[in-house]
Protein chains: 2
Amino acid sequence: MEKVKIPRATAKRLPLYYRYLIILSEAGKEKVSSTELSDAVQVDSASIRRDFSYFGALGKRGYGYDVKNLLGFFKKILNQDTLTNVALVGVGNLGHALLNYNFKRSNNIRISCAFDIDKNITGRILSGVPVYDMSELKQQLSDQQISIAILTVPSLHAQKTADEMFEAGIQGVMNFTPIRISAPANVRVQNVDLATELQTLIYFLDSDKQEH
Amino acid sequence: MEKVKIPRATAKRLPLYYRYLIILSEAGKEKVSSTELSDAVQVDSASIRRDFSYFGALGKRGYGYDVKNLLGFFKKILNQDTLTNVALVGVGNLGHALLNYNFKRSNNIRISCAFDIDKNITGRILSGVPVYDMSELKQQLSDQQISIAILTVPSLHAQKTADEMFEAGIQGVMNFTPIRISAPANVRVQNVDLATELQTLIYFLDSDKQEH
DNA sequence: TCATTTATGTGCATGAATGAACAAAGAGAA
DNA sequence: TTCTCTTTGTTCATTCATGCACATAAATGA
């Protein structure tokens with residue numbers, strides 16, 4: 001599937017559009033306007049139209065967008081037509097929760113293997129996912145052709161574990177540790193920093209308060 | 001504590017700086033330069049200097065920043081000198097994980113109560129946190145003077161539950177559901193959309209691949 | 001058929017964020 | 001003290017993102 005050069009901000013919104021298109025489709029809606037969608041996803045309607053327009057003229061003036069059309073289109077753009085397997089590294093509290101998180105339903109993503117160092121959980125199958133010892137990382141990722149991993153180990157092991165992952169050929173990391181791991185230039189790291197987000201929320205609330 | 005008007009992007013980085021300052025302090029470092037910090041937090045050094053400068057001239061030319069000074073300063077800015085209590089609404093997989101997540105160590109945030117509708121877990125104490133029935137939401141939040149909540153209920157109940165929270169006086173929500181909840185104008189909502197982030201990562205990886 | 005309404009696609013102006021570059025200030029050495 | 005070196009604080013140019021506003025095109029109804 002040939003892809004156009006899309007602004008970063010747009011690319012971040014695509015999965016959101018996709019999810020709401022699924023909802024609309026399941027609700028039996030045939031068409032949708034940028035204004036309707038705007039209400040649902042809370043993005044300005046002009047931004048939505050521009051986002052869509054990067055892929056060509058997908059809508060019809062005076063009508064809106066055909067839901068089925070749009071859905072099929074985004075499915076291809078977002079590689080939703082093929083299942084993406086990812087690895088989970090670190091099966092602690094958060095890791096466990098993610099194992100049970102249903103990425104598959106609206107995203108066609110599946111955690112197909114997990115890794116840990118704790119002998120009590122390695123060698124077993126948790127929530128339908130086999131848990132291997134870290135020593136098997138390279139072999140398994142290679143066998144299963146996995147290039148994306150979710151990192152949920154304790155901070156202390158974050159960088160060391162990340163290095164092992166890069167060694168094993170990981171190209172993209174979703175980093176749940178509070179450490180900013182350093183990675184080779186060709187690797188994408190997406191940080192999800194729970195404590196920081198919460199604290200930012202608190203900060204903004206306080207400054208809201210002071211304005212009034 | 002009087003606060004200056006800070007750009008959004010800067011405010012988002014403050015907790016990150018704070019965390020690394022703690023690490024530096026614990027490692028016994030007395031001073032730090034913007035360049036050193038830049039390596040650690042992966043933010044351009046000029047941006048760091050500018051971020052700091054919003055609060056006044058905190059550094060010394062030719063020397064850098066005094067770690068203890070800076071730390072004390074950020075502690076106040078970020079309200080780290082007082083404990084912030086938050087509520088957790090929805091004790092499923094993710095909720096459980098968050099109950100065990102240590103927000104307190106470097107952020108002085110504590111989940112002090114949780115809510116659910118499942119009679120099997122309400123009325124009990126999980127990971128040191130009491131779990132109440134949803135019917136007690138308003139009373140408890142009022143008693144404990146809590147204005148921030150983490151929302152981890154199933155998508156289907158997201159909006160309805162959110163409405164109850166607003167009714168109970170919640171001012172800030174960290175929304176882990178994939179639904180964009182609609183909220184009163186004075187309420188801040190921070191969305192943490194795991195599936196979307198993962199999918200965005202996949203999208204960027206694919207477009208990286210196509211460039212080469 | 002023709003007028004009216006609806007909703008797209010895009011030009012434009014504005015604002016935010018970034019990072020390079022550098023003058024100024026202070027630290028440290030001689 | 002005086003010189004050199006380091007590192008800040010800030011200016012500036014650039015890029016990115018946003019949302020208004022509107023011309024254009026299609027749909028709908030009379």
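Any value given below was found using the heavy atoms of this structure, including those in side chains, with hydrogens, waters and symmetry copies removed. Chain A is the first sequence line, chain B the second, and so forth, proteins listed ahead of strands; every chain is numbered from 1.
- Atom CD1 of Ile202(B) is separated from atom CD of Gln190(A) by 10.5 Å, given to the nearest 0.5 angstrom.
- Close placement of the Tyr101(A) and Phe103(A) rings is indicated, their centers lying within 6.0 Å of each other.
- Both Gly62(A) and Arg49(B) sit near DNA chain C, but only Gly62(A) has its closest nucleotide nearer the 5' end.
- Contact annotation for Ala46(A): base contact, defined as any heavy-atom pair under 4.0 Å involving a base atom.
- At a cut-off of 3.5 angstrom, the base of dT7(D) holds no donor-acceptor pair with the side chain of Arg61(B).
- Note on Ser34(B): only backbone sugar-phosphate atoms sit closer than 4.0 angstrom, heavy atoms only; bases stay farther off.
- For the OP1/OP2 pair of dG9(D) and a distance below 4.0 Å, the side-chain nitrogens and oxygens of Tyr65(B) include at least one atom meeting the criterion.
- Both tests do not hold together for Arg13(A) against Tyr18(A): distance to the six-membered ring centre under 6.0 Å, angle to the ring axis within 45°.
- Regarding contacts with the backbone of dT7(D), every side-chain N or O of Ser33(B) stays at 4.0 angstrom or more from both OP1 and OP2.
- A donor-acceptor contact under 3.5 Å is not formed by the side chain of Arg50(B) with the base of dG9(D).
- If you measure from atom CG of Leu70(A) to atom P of dT8(C), you get 11 Å, rounded to the nearest angstrom.
- Between Phe74(A) and Tyr17(A), the ring planes lie tilted relative to each other; the angle falls in the 30° to 60° range.
- Residue Lys60(A) has a polar side-chain atom (N or O) positioned under 4.0 Å from OP1 or OP2 of dA27(D).
- At whole-Å resolution of the value, CG in Asp44(B) and C1' in dA21(C) are 12 Å apart.
- We find that CG of Asp66(A) is positioned 16 Å from P of dA26(D), with the value rounded to whole Å.
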